2 protein chains.
Amino acid sequence: MTGQVRTVDGRVAGRRGQETRQKLLDCLREMLSTSPYRDVKVIDVARMAGTSPATFYQYFPDVEGAVLEIAEEMAKDSDGLKELVAGKSWAGKSGVATSEELVDGFLAFWRKNDAILRVVTLGAAEGDKRFFKIRMTVLNSVAKPLTDAVKDLQSKGQADKTLDPAAVSGALISLLASAAEHGKAFTAWGVKVKDLKPNLAPLVYLGVTGKKPPK
Amino acid sequence: MTGQVRTVDGRVAGRRGQETRQKLLDCLREMLSTSPYRDVKVIDVARMAGTSPATFYQYFPDVEGAVLEIAEEMAKDSDGLKELVAGKSWAGKSGVATSEELVDGFLAFWRKNDAILRVVTLGAAEGDKRFFKIRMTVLNSVAKPLTDAVKDLQSKGQADKTLDPAAVSGALISLLASAAEHGKAFTAWGVKVKDLKPNLAPLVYLGVTGKKPPK
DNA sequence: AACTTGTCCTGTCATGCCGTCAGCTTACCG
DNA sequence: CGGTAAGCTGACGGCATGACAGGACAAGTT
């Protein structure tokens, strides 16, 4: 399906080429997690990969192009997140468990990919369609099934029907993303890292069901 | 209090100098709202201001330094946001009104300053202490009084005491910030811009009071 | 008006990164 | 072993950076 990997000038990349390409991506990823995005230079990435800048340009049009590649890979990875919500129950205590697992799983994914997600988030906020799409893919992996869950609860009369299911689930997912990205803010507010989940989960439960979580 | 404005090399700036300096800041602000942060160059800002790059470096150590200046100005502005919450009632319908005004006011502020806040948010996420502090100042303008409100409700037995007031209010403010910054995501979810407030406000009310909003 | 003083701006320069290309090396295949 | 395509890099023009010295300018003094 995904035609062979090609260099910028149209050659097909062989075994060795793909290795170099991958090494460049790995080094870029590393670079992004250690220095500000604005300061990431092609020459540094190339040096770290033990190759030359010219080689970088053989595989990627520019830094942004390579970042997009990493981001797309991560977006594929995010597909598994839908299992955090799909088919789960929101009734009573099992609902509390669902919300806790959702918070835990989503935060873990975001933190694991925090460096690349920072850049994706910035790009999306700046209006770049490609980054926006990637961000939506990640968010939707959870937001879509969560919207379905809210709709389901509404149709059973167990949730406020005046609310838009997409808006509610979108808001809750935005909250989780923001909390994951800016965990330090909570620390500054005196909230310990381990207290984050126990405080976010009830909010999620509350948002989805409209009810206080049972003890 | 704030000692005179000084150039990088220590001279005090006079009338004309301050004008130039201000023009550079204005152009940088403009630049940030029209092109990606990564691509903002000193030479472009200088050109737009009708001056030379060398002049820019007389007033600011680098682009980041100038951005910090703009951000600090905005942080001062954010002080007025505390009126959105301080001294407001959360009881019954007036509580609903409070939450609506909070959502409205906060979103408006964030959108008005979206370009600079994007950069601040990125810097904070990347671990830069100066940007982090500025972001906290903005968030705290609302988060602090909101935390007090939650504490107050808890002490009156009108809210779940097992929740950490700082965590709850921090989460709600994070949600608002995220919604403001990524309004387009909601549009993509089929939520119209004018439906954002009516959906966010109940969530805020719900989070603060733990109760369903009265109709 | 000429002079003085301190502010303000810019031409210029060394440095370093960007992005491209021609050309060399390496690997694979018949 | 020659042919072919992949893989890599040195070198180069172009541009941004950041520093400095010196000239332009405003305002007050004599």
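No hydrogens, no waters, no symmetry mates; every other heavy atom, side chains included, goes into these values. What you see is a predicted model; the values in this text were computed from it and never measured. In what follows, every chain begins at residue 1, and chains take the letters A, B, ... in the order their sequences are listed.
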Categorize B:Thr20 for me: base, sugar-phosphate, or nothing, with a 4.0 angstrom heavy-atom threshold over every strand shown. sugar-phosphate

Starting from C1' on C:dC18, measure out to CG on A:Asp44 and report it in whole angstrom. 13 Å

Rounding to an integer number of Å, can you tell me how far A:Asp9 CG sits from D:dA6 P? 9 Å

Over how many whole Å does the gap from A:Gln18 atom CD to D:dA6 atom P extend? 12 Å

For A:Arg6 and D:dG7, give me the distance from atom CZ to atom P, rounded to whole Å. 12 Å

Whole angstrom value for the distance that separates P of D:dT17 from OH of B:Tyr59: 19 Å

Minimum-distance nucleotide (side-chain atoms of A:Ala54 versus C:dT20, C:dG11, C:dC9): C:dT20

Expressed as a whole number of angstroms, how long is the span from A:Glu19:CD to C:dA27:C1'? 13 Å

Cation-aromatic face contact A:Arg38/B:Tyr37, 6.0 Å, 45 degrees: yes

Rounded to whole Å, please give me the gap between CZ in A:Phe56 and C1' in C:dC18. 12 Å

Of B:Lys41 and A:Val12, the one whose nearest nucleotide on DNA chain D sits closer to the 5' end is A:Val12

Identified side-chain contact (heavy atoms from CB on, under 4.5 Å) counterpart of B:Arg21 within the set B:Val5, B:Thr7, B:Thr55, B:Asp26: B:Val5

Mind checking if A:Arg16 touches a base, just sugar-phosphate, or nothing, with heavy atoms under 4.0 Å? sugar-phosphate

Under 4.0 angstrom, heavy atoms only, what part of the nucleic acid is B:Thr51 near: base, sugar-phosphate, or nothing? sugar-phosphate

In whole angstrom, what separates A:Arg21's CZ from D:dG7's C1'? 14 Å

